[in-house]
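Not measured: the values here are computed from a predicted model. So you know, we letter chains A, B, ... as the sequences are listed, proteins then strands, and number each from 1.
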Amino acid sequence: MLTPEPQKGNAELVIEVQDLVAHYGRHKVLDGINLTVRAGEIHIIMGGSGSGKSTLLRHLLGLRRLTSGRISLLGQEIEGIHRQALLELRKQIGVSFQGGALLSSMTVGENVTLPLREHTRLDESTMAIMARMKLEVVKLGGFEHFMPAQLSGGMTKRAALARAIVMDPKLLFFDEPSAGLDPVVSAELDELILRLRDAMHMSIVVVTHELESAFRIADRITVLDGGKILISDTVDKVRSSSNSRVQDLLNRRPREEELDADAYLARLTGE
Amino acid sequence: MAEARLGWVEQLGKRTLGLIAEVGYLSALLVESLYWLVAGSFKRQPVRVSAVFSEMMRTGVSAIPIVFLLSFSIGIMLAIQGIHTLRTFGAESQVVIGIALSITREFGPLITGIVVAGRTGSALAARIGTMVVSEEIDALRVMGIQPVRYLVSPVLLAMLVMLPALTVMADFAGLLGGAVYSAMDLGISYAAYADRVISVLKTGDIFQGLSKSCVFATVITLIGVANGFTVTGGAEGVGRATTRSVVLAISGIVIADMVFTWFLNR
């Protein structure tokens, strides 16, 4: 594993992960993860299926208990955090889930206003205006009365993004923005992510397995494989990495499994 | 042989532990739902009144026709059976006592509970299970919205209001069913029937039924919600959870009824 680049200057860290270890039952899914995300950067967490990237995201969001290690978001330790403090922290974080996770019983507009309704005392008309503003940002103006089931895949992701940014979060998480979308819609979403960072000065963490999209928008990339970080560095350094596994992933070369005849036989016979 | 026996013992132990864990989870859910109902406003995270009302419509008001129909039928059935049995002793006019007591103390709350378990218990498991599968519950959490406060507390409150209300209606419908059949078979006038019912029933009989219905409301809500929250395995898992919640809720109601009746009548 290549060690992460030492911190430059006084760049504020919005995410700090140290020696994170996580298990699913007895199976170790994350092993010794060290990761930093700086304020104002777009950080891509990349890896194939089963690399542990979704698990890492769930840990960063405080949705799973860690086995050991520590995670701090916006300067706050996640483990053992008080309920009220976690609530305050979550008001500063936006998350766009892979499938959108819009509440299906509500219209798009109601979904987008939900965080405002729960966490602020704004009146209805102000909330409606704010929701429309955010829907305009994601180019969904006029769709506030639609139900989530009436939206296409790309529109659902954009609506979820509008809900994620409605509280003007400092930190935005985006899970698989390109999954299941055609290249044009996917490129539009990439543009949107770049605009959000520039216009709203958000720090953005994107979890993806799409190489093209990753290189288009990333400031820094973390590559996960088998629950470990292969490299966490700038785009250029990741590209020129000498690590063969990183190069395999970048060039979409399948991993060649070394076949041990005895082990193979044991696996087949179930012994 | 020893191995097989150990397997059986292990199975028993595993199931017992599972049961204890589930009861523990249900209790934790209950405490948390009540906590938000009481303390939500102070924490500036109130349980929304509008959500409670829409749940009341969904769980209570729309169940009125079916609860009425079934209770009315049960009333008629009790009258038929009662008259048939009492005729042996030539005491068929006493059937009103049997109908009045068994409807208010037992059948009213039980029928209401079973109908609502079938409608609301399954709907809760399906709704929350689908939300788990589509990451909506996670989305609520990361938005800083407690899923229990947002989804469970309103239902619990709505059920605690609507199940007793439905039970009162079921009592009336059952008594009416009994009255209709008694009038037809024995020629007892509605006024005489009503007089008899009023003289027989004590407040305690009605309250016994109503307090049971509050227990049923809690059991149905918690079992539906818990099965929804613990869904794994996509759409198929949601289907399994829905079935399981109906079966468990109805079993829970009947067993709770037995325990409750035993304690109340000692």
Side-chain angles (χ1 to χ4, degrees), chain A residues 24 54 57-64 73 78 81-106 110-121 124 148-149 156-157 159-161 163-167 169 171-176, chain B residues 14 28 31-32 35-36 39-55 57-59 120 123-155 158 228-235 238:
Chain A
Y24 267 121
S54 302
L57 178 67
R58 293 181 65 79
H59 278 290
L60 293 177
L61 298 177
L63 291 172
R64 270 176 58 89
L73 289 189
I78 292 287
I81 189 172
H82 189 265
R83 203 176 197 165
Q84 199 61 34
L86 181 65
L87 177 69
E88 292 303 320
L89 180 62
R90 280 177 165 166
K91 288 183 193 173
Q92 303 174 54
I93 292 172
V95 186
S96 175
F97 283 88
Q98 185 172 350
L102 296 171
L103 301 193
S104 53
S105 56
M106 296 179 168
E110 286 167 342
N111 262 290
V112 177
T113 45
L114 182 61
L116 296 173
R117 196 177 302 275
E118 291 294 322
H119 298 311
T120 69
R121 292 188 169 181
E124 282 296 324
T156 304
K157 293 209 180 199
L161 186 56
R163 185 178 66 182
I165 60 173
V166 76
M167 297 277 286
L171 179 57
L172 177 69
F173 291 91
F174 210 144
D175 190 11
E176 299 280 6
Chain B
K14 203 173 158 187
V31 170
E32 196 177 344
Y35 168 82
W36 286 116
S41 307
F42 301 110
K43 302 245 167 197
R44 290 184 58 187
Q45 295 179 66
V47 174
R48 304 275 164 199
V49 179
S50 59
V52 177
F53 276 110
S54 74
E55 291 300 339
M57 284 297 291
R58 206 175 346 199
T59 61
T120 308
L124 271 177
R127 175 150 51 111
I128 293 182
T130 310
M131 292 181 79
V132 168
V133 171
S134 58
E135 292 187 306
E136 289 172 44
I137 300 289
D138 287 338
L140 283 175
R141 272 202 191 105
V142 298
M143 282 191 276
I145 300 172
Q146 292 287 339
V148 172
R149 169 180 71 87
Y150 191 76
L151 296 169
V152 186
S153 297
V155 183
F229 273 128
T230 49
V231 157
T232 49
V238 175

Would A:Phe97 and B:Val142 count as a side chain to side chain contact (heavy atoms under 4.5 Å, CB included) if you check the C-alpha gap in whole Å, the side-chain angles of each, and the deciding distance to 0.1 Å? CA-CA 10 Å; A:Phe97 283 88; B:Val142 298; 3.7 Å; yes

What part of [X] gets within 4.5 angstrom of chain B, counting heavy atoms only: side chain, backbone, both, or neither?
{"X": "A:Ser104", "result": "both"}
{"X": "A:Leu61", "result": "both"}
{"X": "A:Leu89", "result": "neither"}

What part of [X] is in contact with chain A, defined as an atom under 4.5 angstrom from a non-hydrogen atom: side chain, backbone, both or neither?
{"X": "B:Arg127", "result": "neither"}
{"X": "B:Met143", "result": "both"}
{"X": "B:Leu140", "result": "side chain"}

Taking all non-hydrogen atoms of both residues, which atom of [X] and which atom of [Y] are closest, and how far apart?
{"X": "A:Arg83", "Y": "B:Glu32", "result": "NH2-OE2, 3.0 Å"}
{"X": "B:Glu135", "Y": "A:Ala101", "result": "O-CB, 3.5 Å"}
{"X": "B:Glu136", "Y": "A:Leu103", "result": "OE1-CA, 3.3 Å"}

Between atom CD1 of B:Ile145 and atom NE2 of A:His119, what is the distance when rounded to the nearest 0.5 Å? 5.0 Å

Minimum side-chain heavy-atom gap A:Glu118-B:Arg48 below 4.5 Å: yes

Could you tell me whether B:Met57 atom CE has more than 12 heavy atoms of other residues or ligands within 6.0 Å of it? no

Note: vs chain B, highest number of non-hydrogen pairs under 4.5 angstrom among A:Arg121, A:Gln98, A:Lys91, A:Gln84 is A:Arg121

